[in-house]
Amino acid sequence: MENHSKTQLQSFLKHLPPVEFCCVYGSSLHPNRDNAKSTMVDCILGVSDPLQWHSENLKLNKDHYASWMALLGGARLVTNVADYIGVGVHFNPFVSWNDKMFKYGVVRMHDLVQDISNWESFYLSGRLQKPVQIISDNLNVGNVNSVNLRAAIAAALLLLPSKFTEEDLYAKICSLSYMGDLRMLFAEDRNKVKKIVQGQFELFRSMYKPFIQEYETNELLRYSLSGNPQPVLSQDCDLSAARSLVSSLPPLVRSQMGVKLGEKKRLCDSGRVINEVVIGSRQEAAQYMQTILKRKVMVSSARQAVSGLLAVGGVNGMRYLGAKMRKAWNSWR
């Protein structure tokens, strides 16, 4: 994101109630974009109390909200729709300010941290597995997200074959949060993952380089040039390597895998007794993990789609869906 755009966003934030966390994600981070002026800036805002925050924001920026929500229920309705229909995030899209279009999603900080660390809905955690630019971070969410990144690369490696390129790795990481996403059937560009990775390759590399180096040190990953334009990575695919990857997944995912595969008690290096997933084969572990993630994404994407349509109102809802479907249609032509 260019410095000018970052300054513009910081200025925009001053017209909203204070936030604990703000990050920009999506196409506005792409370098060398031809459509920089027309791209909507997508951002996530973390706040301690969404009800209070929306109450203040309705006084300051009532026009950011769907008129029916502002009139009929105000901040409580906004928050309830996000919490009980969606997955805890309320989005205000098509917010025009200083000749720039913004879409911002408001989430409770507790819910954001829980999803990052445990993949409860696998909604915001999936977004933060891709490149983002943190604008404001009062509670060090950036450091907490390292747990999310470590889990994402472990999940991707579990699904990849013994040999693959660096681009294959980032594409698999990127695809995790789209597996089972209902929007991919009709309202998303079918080449979305490829475009994200190729457009932000260096950003992915800077995010995941420390974890790749860690796996290299532990001899679970190896680089090989072998005459290819891209270096080829080789991974250890035996059961002990699979167990190591599964141990890096979030506790909730491991617990759900344990229900199907079984668990056993194990004494870890720190002296704590932990439950370890019983793995009969790498393929079986990968299959069950993939099923769990698909179900999470399917449920969260469906809930958030309904919540989003209610939150933005009929006109903006159709406008947003129409733009998405045009992209999807163009990708199939």
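One finds the CD atom of Glu276 at 12.0 Å from the CG atom of Leu261 (value rounded to the nearest 0.5 Å). A distance of 10.0 Å separates CZ in Arg254 from CG in Leu252, rounded to the nearest 0.5 Å. Within the model, atoms NE2 of His54 and CG of Asn92 stand 7.5 Å from one another, a figure rounded to the nearest 0.5 Å. Considering CG of Asn140 and CG of Asn145, their distance stands at 11.0 Å, rounded to 0.5 Å.
Across every non-hydrogen atom of Phe122 and Ser177, the tightest pair is CE2-CA, 3.8 Å. For the residue pair Gly74 and Leu58, the shortest heavy atom distance occurs at C-CD1, 3.7 Å. Nearest heavy-atom pair, Pro18 versus Glu56, reported as atom, atom and distance to 0.1 Å: CD-OE1, 4.4 Å. In this structure, Pro210 and Ser206 approach most closely via the heavy-atom pair CD-O, 3.9 Å. Taking every heavy atom of both residues into account, Leu13 and Cys22 meet most closely at CD1-SG, 3.8 Å. Considering all non-hydrogen atoms of both residues, Ala154 and Leu245 come closest at CB-O, 3.5 Å.
Counting only distance, with no hydrogens or angles, the side chain of Gln114 and the backbone of Glu120 share no donor-acceptor pair below 3.5 Å. At least one donor-acceptor pair closer than 3.5 Å links the side chain of Asp236 to the backbone N or O of Asp238. With Ser175 contributing its side chain and Lys172 its backbone, the two residues share a donor-acceptor pair below 3.5 Å. Of the possible polar contacts, one joining the Asn148 side chain to the Ser125 backbone as a donor-acceptor pair under 3.5 Å is found. In this structure, the side chain of Ser300 engages the main chain of Lys296 through a donor-acceptor pair within 3.5 Å. In this structure, Asp115 contributes its side chain and Ser121 its backbone to a donor-acceptor pair below 3.5 Å. Between the side chain of Arg303 and the main chain of Ile85, a donor-acceptor pair closer than 3.5 Å is present. With hydrogens and angles ignored, the 3.5 Å screen pairs no side-chain donor or acceptor of Ser307 with any backbone N or O of Gln304.
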Next item on the list: Kindly indicate, with the supporting measurements, whether the criterion side-chain hydrogen bond (donor to acceptor under 3.5 Å, both in side chains) is fulfilled by Asn57 and Tyr104.
Entry: CA-CA 12 Å; Asn57 198 37; Tyr104 61 90; 2.9 Å; yes
Note to self: Please evaluate residues Leu233 and Lys163 with respect to the criterion side chain to side chain contact (heavy atoms under 4.5 Å, CB included), reporting the C-alpha separation (whole Å), side-chain torsions for both, the decisive distance (0.1 Å), and the verdict.
What the structure shows: CA-CA 6 Å; Leu233 287 89; Lys163 292 186 177 181; over 6 Å; no
Next item on the list: Go through the steps to decide whether Glu216 and Gln213 satisfy the test side chain to side chain contact (heavy atoms under 4.5 Å, CB included), and finish with yes or no.
Entry: CA-CA 5 Å; Glu216 282 187 281; Gln213 290 175 334; 4.3 Å; yes
Next item on the list: Step by step, work out the salt bridge (charged side-chain N to carboxylate O under 4.0 Å, His left out) result for Glu202 and Arg205.
Entry: CA-CA 5 Å; Glu202 292 302 326; Arg205 176 176 273 173; 3.5 Å; yes
Checklist line | Derivation of the salt bridge (charged side-chain N to carboxylate O under 4.0 Å, His left out) call for Lys194 and Glu167 | finding: CA-CA 9 Å; Lys194 183 179 180 180; Glu167 185 174 318; over 6 Å; no
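Seen from the ring of Tyr123, Arg127 counts as a face-on cation partner, given the 6.0 Å and 45° thresholds. Figure legend: cation-pi geometry between Lys130 and Tyr178, with NZ or CZ positioned under 6.0 Å from the six-membered ring centre and within 45° of its axis. Judged by the 6.0 Å and 45° rule, Lys103 forms a cation-pi pair with Phe91.
Tracing side-chain contacts under 4.5 Å through hydrophobic residues (I, L, V, M, F, W, Y), one reaches Tyr25 starting from Val144; they form part of the same cluster.
Of the candidates Leu293, Ile292, Leu124, Trp119 forms a side-chain contact (heavy atoms from CB on, under 4.5 Å) with just one, namely Leu293. Tested against Arg108, the residues Thr79, Asp83, Asp49 include a single side-chain hydrogen bond (donor to acceptor under 3.5 Å, both in side chains) partner, Asp83.
Taking a 6.0 Å sphere around CZ of Arg222, one finds it holds more than 12 heavy atoms contributed by other residues, nucleotides or ligands. A 6.0 Å sphere centred on NE2 of His110 holds no more than 12 heavy atoms belonging to other residues, nucleotides or ligands.
Between the side chains of Glu284 and Tyr288, no donor N or O sits under 3.5 Å from an acceptor N or O.
Between His90 and Tyr65, the ring-plane angle classifies as parallel under the 30° and 60° cut-offs.
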